[in-house]
Amino acid sequence: MAGIYIHIPFCRQPCHYCNFHFMASTRDKDAYLQALLREIDLQRMFFDRQGHGSTFGRIKTVYVGGGTPSMLSARELSRLFEGLSQHFSLEGATEVTLEANPDDLNPGKLKELRQLPVNRLSIGVQSFFPEDLYYMNRIHSPSQAWNSIQDAREAGFENISVDLIYGTPTLTDANWEDNLHRLAMTGIPHISAYALTVEPRTPLAYLIRKGKAKPVSEEQSARQFSMMKDVLESYGYRHYEISNFSFPGKESLHNMGYWTGQPYLGLGSSAHSFIPGKRSWNISNISQYKAAIYEDAVPAEEEVLSLSQAVNEYIMTSLRTVWGCDLGYIARLWGPQHIPALKKRAEGHLRRGALIWKNDHTLVLGRKGLFFADGIAADLFID
Ligand code: SF4
């Protein structure tokens with residue numbers, strides 16, 4: 001199984017918390033799409049070159065993310081998929097996701113999107129309350145958010161995911177519960193929810209430093225994380241990854257590929273690729289990306305993972321999921337010598353219920369550990 005990620009680095013306006021690679025202008029859009037098509041051509045042998053066999057029939061998931069891919073017209077997206085299908089067989093692709101913002105989705109556009117290979121929408125709602133959207137500098141309104149979900153379903157999209165953000169200083173606990181209940185009541189099959197984090201060099205970090213925006217409280221985030229788990233599980237959603245809930249069988253297959261070490265090819269500026277043992281990433285600069293691609297060179301850096309990096313990456317990603325960190329798998333793949341030290345490091349977390357044994361060889365996060373997954377994983381890392 002392999003995946004393809006395509007990065008569309010354009011947005012209408014910068015959300016204050018965002019540290020993704022994007023530009024708030026579309027002046028380079030046409031040239032960028034040309035470059036992207038050229039990169040698809042240049043990378044057509046990516047999986048074969050890496051010794052992972054022909055890609056024919058092996059692409060299981062495609063994810064068009066950003067940025068804001070829904071800013072592209074259906075015609076532009078269609079060109080992209082045509083370019084992709086000239087070199088990669090998408091016939092076996094079971095999940096083709098398009099990230100979309102509510103302000104781009106209307107019945108007409110959705111009808112056009114239905115004609116494309118896209119069969120899953122990931123809609124960036126973040127909140128249904130105007131004060132939160134304002135705090136985050138999101139461009140859409142609450143009514144656009146609701147309409148986008150309804151219109152998507154009416155257009156025939158069944159596989160829909162909605163992104164939410166909690167821990168926003170303007171988000172009261174009551175409003176957070178309201179967001180969750182009302183969204184769950186729509187019955188959409190997948191919800192991703194992230195704690196608002198203040199990344200350095202973002203407008204939010206600047207505004208908080210200058211006292212122009214309220215600071216973010218970890219205590220509020222932890223509390224709202226716990227509320228979210230209770231509310232969504234009461235509607236039958238499974239908390240299958242720290243930030244992801246779904247109805248059974250509606251997990252994000254593309255992200256599952258990331259978490260289970262499947263190979264993937266990233267196309268576009270800043271896109272990451274992975275083949276077991278090696279990862280690479282394209283330059284995060286649209287002009288330099290285009291210039292290199294026009295010279296028929298993919299501007300990527302690569303890193304061969306050391307044994308400890310590979311093991312630690314597995315610990316980090318697996319522990320975030322309900323399937324947990326399988327020490328038997330680590331022993332089989334990287335050697336049994338790592339297990340005693342790993343078990344020793346887990347002891348403290350096991351004692352206080354942050355980690356629990358799922359069976360005699362698999363560690364999973366306990367309720368007390370869920371909000372601190374990354375820190376706990378780091379404590380288990382091998383040297
Ligand atoms: S729409 Fe997404 S990528 Fe664009 S600025 Fe907002 S959070 Fe960042």
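Order of listing sets the numbers, starting from 1, for every ligand and every atom in it. For the numbers below, each heavy atom of this structure counts, side chains included, while hydrogens, waters and symmetry mates do not. As the structure is a prediction and not an experimental result, all values here were calculated from the model.
The shortest heavy-atom distance from R12 to ligand 1 is not under 4.0 Å.
Nearest non-hydrogen protein atom to atom 4 (Fe) of ligand 1 is C11 SG, 2.3 Å. At the top of the distance list for atom 8 (Fe) of ligand 1, counting protein heavy atoms only, stands C18 SG, 2.3 Å. Among protein heavy atoms, the minimum distance from atom 3 (S) of ligand 1 is reached at G67 N, 3.2 Å. Protein heavy atom nearest atom 1 (S) of ligand 1, with residue, atom name and distance: N101 ND2, 3.4 Å.
Considering F22, F10, Y17 only, the shortest heavy-atom separation from atom 7 (S) of ligand 1 involves Y17.
Close contacts between ligand 1 and R138 involve ligand atoms 1 (S), 6 (Fe), 7 (S) [criterion: under 4.0 Å to a heavy atom]. Near T68, meaning under 4.0 Å from any of its heavy atoms, are these atoms of ligand 1: 1 (S), 4 (Fe).
In this structure, H272 contributes its side chain and G266 its backbone to no donor-acceptor pair below 3.5 Å.
Taking the six-membered ring where tryptophan is involved, the planes of H254 and Y258 are perpendicular, since the angle between them exceeds 60° and thus also 30°. Below 30°, between 30° and 60°, or above 60°: for W146 and F128 the angle between ring planes is below 30°, a parallel geometry.
Taking 4.0 Å as the cut-off between side-chain N and carboxylate O, D103 and R138 do not count as a salt-bridged pair.
Annotation: cation-pi geometry not satisfied between R120 and F157 (NZ/CZ under 6.0 angstrom from ring centroid, within 45° of ring axis).
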Begin with the C-alpha distance, continue with both residues' side-chain angles, and end with the deciding distance and a verdict on salt bridge (charged side-chain N to carboxylate O under 4.0 Å, His left out) for D151 and K111. CA-CA 9 Å; D151 291 344; K111 197 170 159 197; over 6 Å; no
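Within the 2.8 Å limit, C15 places at least one N, O or S atom next to atom 6 (Fe) of ligand 1.
Checking Y235 against H181 by side-chain atom types alone, a donor-acceptor pair falls below 3.5 Å.
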